[in-house]
Amino acid sequence: MSDKTAVLLLQMGGPDSLDAVEPFLVNLFSDREIIRIGPAFLQPFIARLIARRRSRGVEHKYGEIGGKSPIRELTEAQARALEEALGTGYRCFVAMRYWKPSTVEALAAIRREGISKVIALSLYPHYSRATSGSSINELKRVVAEAGTTFDLTIVDRFYDHRLYIDALAEKIREGLDDFHPLAEVQVLFSAHSLPQSFIDEGDPYLSHIEETVRLVIERFEGVTYHLAFQSRAGPVTWLEPSTDQMLEHLAAHDVKNLLIVPLSFVSDHIETLHEIDIEYAQMAHKLGYSRFRRSPSLNASPTFIACLAELVRQAEGRG
Ligand SMILES: C=CC1=C(C)c2cc3[nH]c(cc4nc(cc5[nH]c(cc1n2)c(C)c5CCC(=O)O)C(CCC(=O)O)=C4C)c(C)c3C=C
Ligand SMILES: [Fe+2]
Ligand SMILES: [Fe+2]
């Protein structure tokens with residue numbers, strides 16, 4: 001047995017090739033915690049149909065950002081940086097909810113190293129049952145089925161952690177540096193959308209997002225800011241306003257310089273590299289913005305890694 005602690009980073013995952021897009025979407029649409037389609041026994045079949053119908057368009061988008069999602073490499077880089085920041089005594093692993101490495105593979109790797117103490121750290125800063133909730137339930141199922149006892153501690157949110165806010169503020173400052181010093185820049189926070197029904201049923205996601213925005217914008221006195229929601233994925237009522245509606249609204253009010261700040265994700269993936277950098281950038285150009293920029297994602301930002309390290313130590317009661 002090893003006396004080390006395993007830190008297991010929980011993330012969504014993304015297709016690692018164009019061929020992986022359809023099976024990745026099948027996994028995602030089969031999960032009743034992110035989307036409920038029809039009665040439970042029919043969902044696997046409907047998931048296949050939706051995945052097949054959607055995959056062409058989604059493959060095209062991944063094709064335009066290098067033929068795959070960078071989420072695995074970026075999450076593994078975060079894991080390596082975290083392991084280094086934590087020092088001896090810790091090993092970091094990654095478990096992806098809808099692609100590889102799966103939760104089963106990650107736990108098998110932890111077991112192979114003889115580690116029984118596991119801190120699962122969800123990489124979604126804002127809690128939602130669609131994201132952190134789903135990953136954590138999957139982890140609990142796999143642990144129960146593994147027949148090995150793990151001493152498991154879970155960190156499922158960090159939307160208001162001082163170092164997370166510091167890391168975001170640093171990236172916003174980097175983004176603002178790209179504008180002429182005298183230009184009047186407005187900031188648009190763009191969070192991943194969620195069906196309104198989740199919020200109505202008590203999901204704290206929206207209040208967590210609003211608190212992150214409040215805490216980070218305190219550091220930017222006098223800056224005008226807005227909050228909108230991107231990446232709807234189905235025909236239900238999603239959080240409003242949408243990011244594209246907001247881009248139109250601001251253009252109609254003569255805003256010319258806009259910094260868009262992605263919330264909800266801690267690394268680059270299709271929603272930053274395609275939706276913002278390609279789709280919204282084209283839209284902004286047509287709408288007459290003079291300068292439209294995105295603040296860089298956190299990825300392996302040293303301040304963000306310090307945040308993760310502090311979360312681990314706090315979870316162990318040494319913070
Ligand atoms: C089916 C409904 C979906 C909900 C609800 C949802 C919420 C949600 N998602 C993220 C983060 C990510 N989503 C990503 C991709 C993605 N998400 C959905 C659907 C829902 N997401 C789909 C169908 C897809 C695949 C791409 C597409 O078809 O457009 C990813 C990217 C993975 C990658 O490319 O690396 C992330 C990350 C959050 C934070 C969230 C709610 C809070
Ligand atoms: Fe999405
Ligand atoms: Fe999503």
Side-chain angles (χ1 to χ4, degrees), residues 9-18 20-37 43 46-76 78 94 96-100 122-135 156-159 189-199 201 203-210 212 227 229-239 243 262-279 297-299:
L9 300 179
L10 308 179
Q11 185 50 292
M12 173 169 261
D16 47 12
S17 68
L18 293 184
V21 168
E22 194 173 320
F24 163 76
L25 291 177
V26 172
N27 290 346
L28 192 150
F29 288 117
S30 302
D31 177 11
R32 282 177 83 71
E33 282 168 298
I34 200 170
I35 187 169
R36 253 162 215 251
I37 5 179
Q43 180 138 347
I46 306 175
R48 269 170 222 286
L49 291 178
I50 301 180
R52 181 159 311 158
R53 225 184 34 216
R54 195 179 169 93
S55 62
R56 268 278 187 79
V58 179
E59 275 168 26
H60 181 75
K61 291 183 186 183
Y62 280 106
E64 289 187 330
I65 61 164
K68 61 176 185 158
S69 168
I71 205 163
R72 179 171 183 165
E73 285 81 356
L74 292 173
T75 310
E76 283 173 347
Q78 288 169 330
V94 171
M96 297 299 198
R97 178 66 184 89
Y98 304 118
W99 204 243
K100 297 166 193 166
S122 169
L123 288 180
Y124 302 99
H126 315 89
Y127 183 88
S128 169
R129 72 179 158 83
T131 53
S132 303
S134 173
S135 283
D156 68 359
R157 60 197 71 192
F158 54 88
Y159 63 94
F189 291 97
S190 185
H192 196 293
S193 200
L194 194 69
Q196 178 64 41
S197 59
F198 280 66
I199 310 298
E201 289 161 16
D203 201 284
Y205 176 75
L206 176 60
S207 60
H208 289 179
I209 290 282
E210 287 169 344
T212 297
L227 169 63
F229 300 90
Q230 66 176 83
S231 337
R232 299 153 176 236
V236 293
T237 307
W238 292 75
L239 287 173
T243 301
L263 290 181
S264 332
F265 330 112
V266 296
S267 54
D268 278 311
H269 59 279
I270 196 167
E271 332 243 310
T272 52
L273 302 176
H274 199 279
E275 197 166 13
I276 299 182
D277 293 355
I278 300 180
E279 296 168 51
S297 294
L298 296 176
N299 296 328

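Numbers for residues simply follow the sequence, beginning at 1. In each ligand, atom 1 is the first atom listed, and ligand 1 is the first ligand listed. As the structure is a prediction and not an experimental result, all values here were calculated from the model.
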Has [X] got a side-chain atom pairing as donor or acceptor with [Y]'s backbone, closer than 3.5 angstrom?
X: Asp203; Y: Arg129; value: yes
X: Ser69; Y: His269; value: no
X: Gln78; Y: Val266; value: yes

Which atoms of ligand 1 are found less than 4.0 Å from any heavy atom of [X]?
X: Glu271; answer: 13 (N), 14 (C), 15 (C), 30 (C)
X: Ile34; answer: 3 (C), 4 (C), 5 (C), 6 (C), 20 (C), 21 (N)
X: Tyr62; answer: 32 (C), 33 (C), 34 (O)
X: Ser69; answer: 33 (C), 34 (O), 35 (O)
X: Ile71; answer: 35 (O)
X: Ala233; answer: 19 (C)

Practice task
Answer yes or no: are there more than 12 heavy-atom neighbours, outside Arg32 itself, under 6.0 Å from its atom CZ?
Solution key: yes
Exercise for the section: Count the heavy atoms of every other residue, nucleotide or ligand shown that sit under 6.0 Å from CZ of Arg48, and state whether that count exceeds 12. Expected result: no
Problem - Mutual orientation of the aromatic rings belonging to Phe24 and Tyr98 [parallel < 30°, tilted 30-60°, perpendicular > 60°] - result: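 Perpendicular.
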Exercise for the section: Quick one: closest heavy-atom pair of Ser264 and Tyr124, and the distance? Expected result: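 Between these two residues, the closest heavy atoms are O-CD2, 4.5 Å.
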Exercise for the section: Locate the shortest heavy-atom distance separating Gly14 from Ile71; write the atom from each residue and the value. Expected result: N-CG2, 3.3 Å
Handout entry: Proximity flag Pro70 to ligand 1, non-hydrogen atoms under 4.0 Å
Key =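 Flag not set, Pro70 not near ligand 1.
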Between [X] and ligand 1, which residue portion shows a heavy-atom distance shorter than 4.0 Å: side chain, backbone, both, or neither?
X: Pro195; answer: side chain
X: Phe29; answer: side chain
X: Arg54; answer: side chain
X: His126; answer: neither
X: Trp238; answer: side chain
X: Ile270; answer: both

Problem - Results of ring pair (Phe, Tyr, Trp, His ring centres under 6.0 Å) for Tyr127 - residues two or more places apart only - result: none
Exercise for the section: Nearest heavy atom to atom 7 (C) of ligand 1 wins, so pick from Arg72, Glu59, His192. Expected result: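 Looking at heavy atoms only, His192 sits closest to atom 7 (C) of ligand 1.
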Practice task
Return the option from Leu28, Val21, Leu74 holding the heavy atom at the smallest distance from atom 22 (C) of ligand 1.
Solution key: Leu28
Handout entry: Audit row: Leu10, Ser132, side-chain contact (heavy atoms from CB on, under 4.5 Å) steps and yes/no
Key = CA-CA 8 Å; Leu10 308 179; Ser132 303; over 6 Å; no
